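Predicted model, so just to flag it, every value in this text is computed and none were measured.
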Amino acid sequence: MIPKHVAIIMDGNGRWARMRGKERIYGHYEGTESVRVCCEFAVEAGVEYLSLFAFSEENWARPEDEVTGLMHLMARSMLNERPTFQKNNIRFVVIGNRSRLSEELNRDIDTAMEETSGNTGLTLIVFLSYSGRWDIEQAAGRFAAAGAPEGKFSTFLATADIPDPDLLIRTSGEKRISNFLLWQCAYTEFYFTNTLWPDFRKNEFRQALDDFASRQRRFGKTGDQI
């Protein structure tokens, strides 16, 4: 059984760099290769949606030089990966509080999203300047402004057109979801690994999918009801 939607909290870049006597940003640059490999494997395995938690709203409190480096990395990756998205039929989506991003980065995001909007393969969702609480708060505001209409509250979330994650992976040994997809992960299966994100490649991804396939998802029901 292959999960339709896999979400990943990419953690451990800074620790990976420090273990090698490097600045934290070096780990983030190395982590981009793991992103590339995991996207390729997701396509190969038949995953339809791959969500990557790239930068949380809380991350804005990090040292200014690290934040600046991360934004530069995002912009560079956006430019470099656009041909790859087209070649592999990947639809690219960014979700988050984009009002905090630079005009240039927002322009690059819009271009990449528009260019790939017609692609029908893997949907790659990058969560940038995102927090689960922000998502719920903005959805509640929109829900109230609409006069609390009939229908699901989830249709007002930033992920309204995306199915909830079946599997959430977090690297680096931390066992929490850190304000990521709080509403959407109500029945998500969690997989925690000690592997640091720059070392998380195809074999590690496959192990997570194999573990998911061994589980029985009940969604509040008993085993006999499934």
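- For the pair Thr195 (side chain) and Phe200 (backbone), a donor-acceptor distance under 3.5 Å is absent.
- Between Phe192 and Phe190, the ring planes are perpendicular. Angles over 60° get that label, and only those under 30° would be called parallel.
- Counting all heavy atoms, side chain and backbone alike, Phe85 lies closest to Leu124 at CE2-CD2, 3.8 Å.
- Put simply, the side chain of Met71 does not reach to within 4.5 Å of the side chain of Ser102, judged on heavy atoms.
- Under 4.0 Å is where a charged nitrogen must lie from a carboxylate oxygen, and between Lys22 and Glu30 no such pair does.
- Annotation for Met19: hydrophobic cluster partners, listed by chain and number, are Trp16, Tyr26, Leu196 (ILVMFWY side-chain heavy atoms under 4.5 Å, direct or chained).
- Scanning for salt bridge (charged side-chain N to carboxylate O under 4.0 Å, His left out) contacts around Glu23 gives an empty result, with sequence neighbours left out.
- A perpendicular orientation is assigned to the rings of Phe127 and Phe53, their planes being inclined by more than 60° (bins at 30° and 60°).
- Between Tyr130 and Ile95, some side-chain heavy-atom pair lies under the 4.5 Å cut-off.
- Counting only heavy atoms from C-beta outward, the side chains of Phe212 and Met1 approach each other to under 4.5 Å.
- Ion pairing between a basic and an acidic side chain is recognised when a charged N comes within 4.0 Å of a carboxylate O; Asp110 and Arg98 show such pairing.
- Two residues are said to be in side-chain contact when any heavy atoms from C-beta on lie closer than 4.5 Å; Arg82 and Thr111 meet this criterion.
- Note on Glu204 versus Arg201: no salt bridge recorded, every NZ/NE/NH1/NH2 to OD/OE distance being 4.0 Å or above.
- A salt bridge is defined here as a Lys NZ or Arg NE, NH1 or NH2 lying under 4.0 Å from an Asp or Glu carboxylate O, and Arg133 with Glu57 fails to meet this definition.
- In the displayed structure, Asp210 atom CG is contacted under 6.0 Å by more than 12 heavy atoms of other residues, nucleotides or ligands.
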key: Candidate pair Ser56 and Asn59, rule side-chain hydrogen bond (donor to acceptor under 3.5 Å, both in side chains), full reasoning   = CA-CA 5 Å; Ser56 72; Asn59 288 157; 3.3 Å; yes

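- In this structure, Asp108 and Met74 have side chains that are not in contact, with every pair of non-hydrogen atoms separated by 4.5 Å or more.
- Within the 4.5 Å cutoff, side-chain heavy atoms of Thr32 are placed close to those of Leu73.
- Residues Arg76 and Tyr29 have side chains in contact (heavy-atom distance under 4.5 Å, counting atoms from C-beta outward).
- Asp135 contributes no side-chain N or O that, together with a main-chain N or O of Leu157, makes up a donor-acceptor pair within less than 3.5 Å.
- By the 4.5 Å heavy-atom criterion applied to side chains, His5 and Glu48 are not counted as neighbours.
- In this pair, Trp60 and Phe55 present their aromatic rings perpendicular. The plane angle is above 60°, beyond the 30 to 60° band.
- A donor-acceptor pair is defined here as one N or O able to donate and one able to accept, closer than 3.5 Å; no such pair exists between the side chain of Thr171 and the backbone of Met10.
- For the residue pair Thr159 / Gln184, a side-chain donor-acceptor distance below 3.5 Å is found, with atom types taken as modelled.
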